[in-house]
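Report on one structure; see the data block that follows.
Quick note: numbers below take in every heavy atom, side chains included, and nothing from hydrogens, waters or symmetry partners. Letters go in sequence order (proteins before strands), and every chain restarts at 1.
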There are 2 protein chains.
Amino acid sequence: MQTLSNLFKALSDETRLRILKLLEHGELCVCDIVAALGMIQPKVSFHLGVMKDAGLIKDRKQGRWIHYRIDDSDMFKRLILLSVLERIPDTVVAENRKRLKKFLTDKNGRQEMRQKTAAAACLCERQTGG
Amino acid sequence: MQTLSNLFKALSDETRLRILKLLEHGELCVCDIVAALGMIQPKVSFHLGVMKDAGLIKDRKQGRWIHYRIDDSDMFKRLILLSVLERIPDTVVAENRKRLKKFLTDKNGRQEMRQKTAAAACLCERQTGG
DNA sequence: CAAACATATCAAATTTTGTTTATATATTCC
DNA sequence: GGAATATATAAACAAAATTTGATATGTTTG
């Protein structure tokens, strides 16, 4: 019974519902969610922790990032999560998605920049002879 | 979104889930629930209030009693409530139901006693001529 | 009408959650 | 290896939920 009440406790907060809605279409890392919500990172980590403990989300570590995704691995959770996501209109998270999109674009930009720089450095090394 | 998080908040407490389970087979008045749970009355009223505000239960006043029953008047609530009740095993509330049964029996006994006494008094009045 | 009863509400005490700032840990980049 | 980045955790604090005891309100019974 405690598992059940815990599941609902995890769903009883607007920030957490918002995060679930953001995860609707796939996984995100913590910094993505922080950017999308415009909240400080420990706060977001706290809410992710609550949902992870309740079994609503799972995480996956990759390098220095930790990606979170919805865990609907049993019928009950699937049912609940589906009906929850369906009941939150996209308009509610429109602003968050806009910020997320911008953040992802910038992140991509930064990564490409690093790759180019690295490639240039490599080329330079070769040309000047190692 | 607040309505949604509120609904889950109402479901996020073991006492309240227990009450819902007790209401599974029909309405009960506050004193029945108090007896079944073995809790003090203001506490039970508080939890009933939370669930009523969230739209999970309805009340009906009859004399000095207020009867509460599950409100599954829309698909979403019906779905949630069904799956919740199904997930709480009867064993969890076995003790509560035992106490409830005893309380209801005693209540019936007291009422019958009152009715007999009243009938006797009435008969007596007639015989001695009003 | 007074006593008994059923319930709600209020205020105070307590417990649980959520927020923030600071810091620790681990990973990648240079 | 040192700087930068991503995340978690701890400690302190704020806010919200719960519990309890006291009391108010309305209803029935004698």
- Under 3.5 Å: donor-acceptor pair, side chain of B:Lys52, backbone of B:Asp59: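 Side chain of B:Lys52 to backbone of B:Asp59, a donor-acceptor pair under 3.5 Å: no, none is there.
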- Message: With a 3.5 Å distance limit and no angle check, can you tell me whether B:Asp32 reaches the backbone of B:Cys29 through a side-chain donor-acceptor pair?
- Response: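 Flag set: sc B:Asp32 to bb B:Cys29 pair under 3.5 Å.
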Whole angstroms only, please: what is the [atom1]-[atom2] distance between [X] and [N]?
| X | N | atom1 | atom2 | value |
| --- | --- | --- | --- | --- |
| A:Arg64 | C:dC29 | CZ | P | 6 Å |
| A:Ile57 | D:dA8 | CD1 | C1' | 14 Å |
| A:Lys52 | D:dA8 | NZ | C1' | 10 Å |
| B:Leu28 | C:dA6 | CG | P | 15 Å |
| A:Asp32 | D:dT5 | CG | P | 16 Å |
| A:Asp106 | D:dT5 | CG | P | 14 Å |
| A:Lys61 | C:dT28 | NZ | C1' | 12 Å |
| B:His67 | C:dA8 | NE2 | C1' | 16 Å |

- Message: Any residue in residues 33-51 of chain B with a heavy atom nearer than 4.0 angstrom to DNA chain D? Just list them by number, or reply none.
- Response: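 B:Ile40, B:Pro42, B:Lys43, B:Phe46, B:His47, in order of number.
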- Message: Taking only side-chain N and O atoms of B:Tyr68, does any of them lie within less than 4.0 angstrom of OP1 or OP2 on C:dA6?
- Response: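 Looking at the OP1 and OP2 atoms of C:dA6, neither is under 4.0 Å from any side-chain N or O of B:Tyr68.
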- Return the minimal non-hydrogen interatomic distance between B:Arg16 and B:Ser12, and the atom names on each side. NH2-OG, 4.1 Å
- Message: Can you tell me how the ring of A:Phe8 sits relative to the ring of B:Phe8, calling it parallel under 30°, perpendicular over 60° and tilted otherwise?
- Response: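 Taking B:Phe8 first and then A:Phe8, their aromatic rings lie parallel (interplane angle under 30°).
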- Task: Report the hydrophobic cluster partners of B:Val50, with the cluster defined as I, L, V, M, F, W, Y residues connected by side-chain heavy atoms closer than 4.5 angstrom, directly or transitively.
- Result: B:Phe46
- Verify same cluster id: A:Leu4, B:Val92 (apolar side-chain graph, 4.5 Å): yes
- Query: Would you say the side chain of A:Asp13 lies within less than 4.5 Å of the side chain of B:Lys9, judging by non-hydrogen atoms?
  - Reply: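 They are not in side-chain contact.
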- Is B:Leu85 close to B:Ile70 at the side-chain level, that is, under 4.5 Å between some pair of heavy atoms? yes
- Message: Among residues 2-25 of chain B, which ones have heavy-atom contacts with DNA chain C below 4.0 Å?
- Response: none
- Item | N-O pairing of A:Arg18 and A:Glu95 below 4.0 Å | no
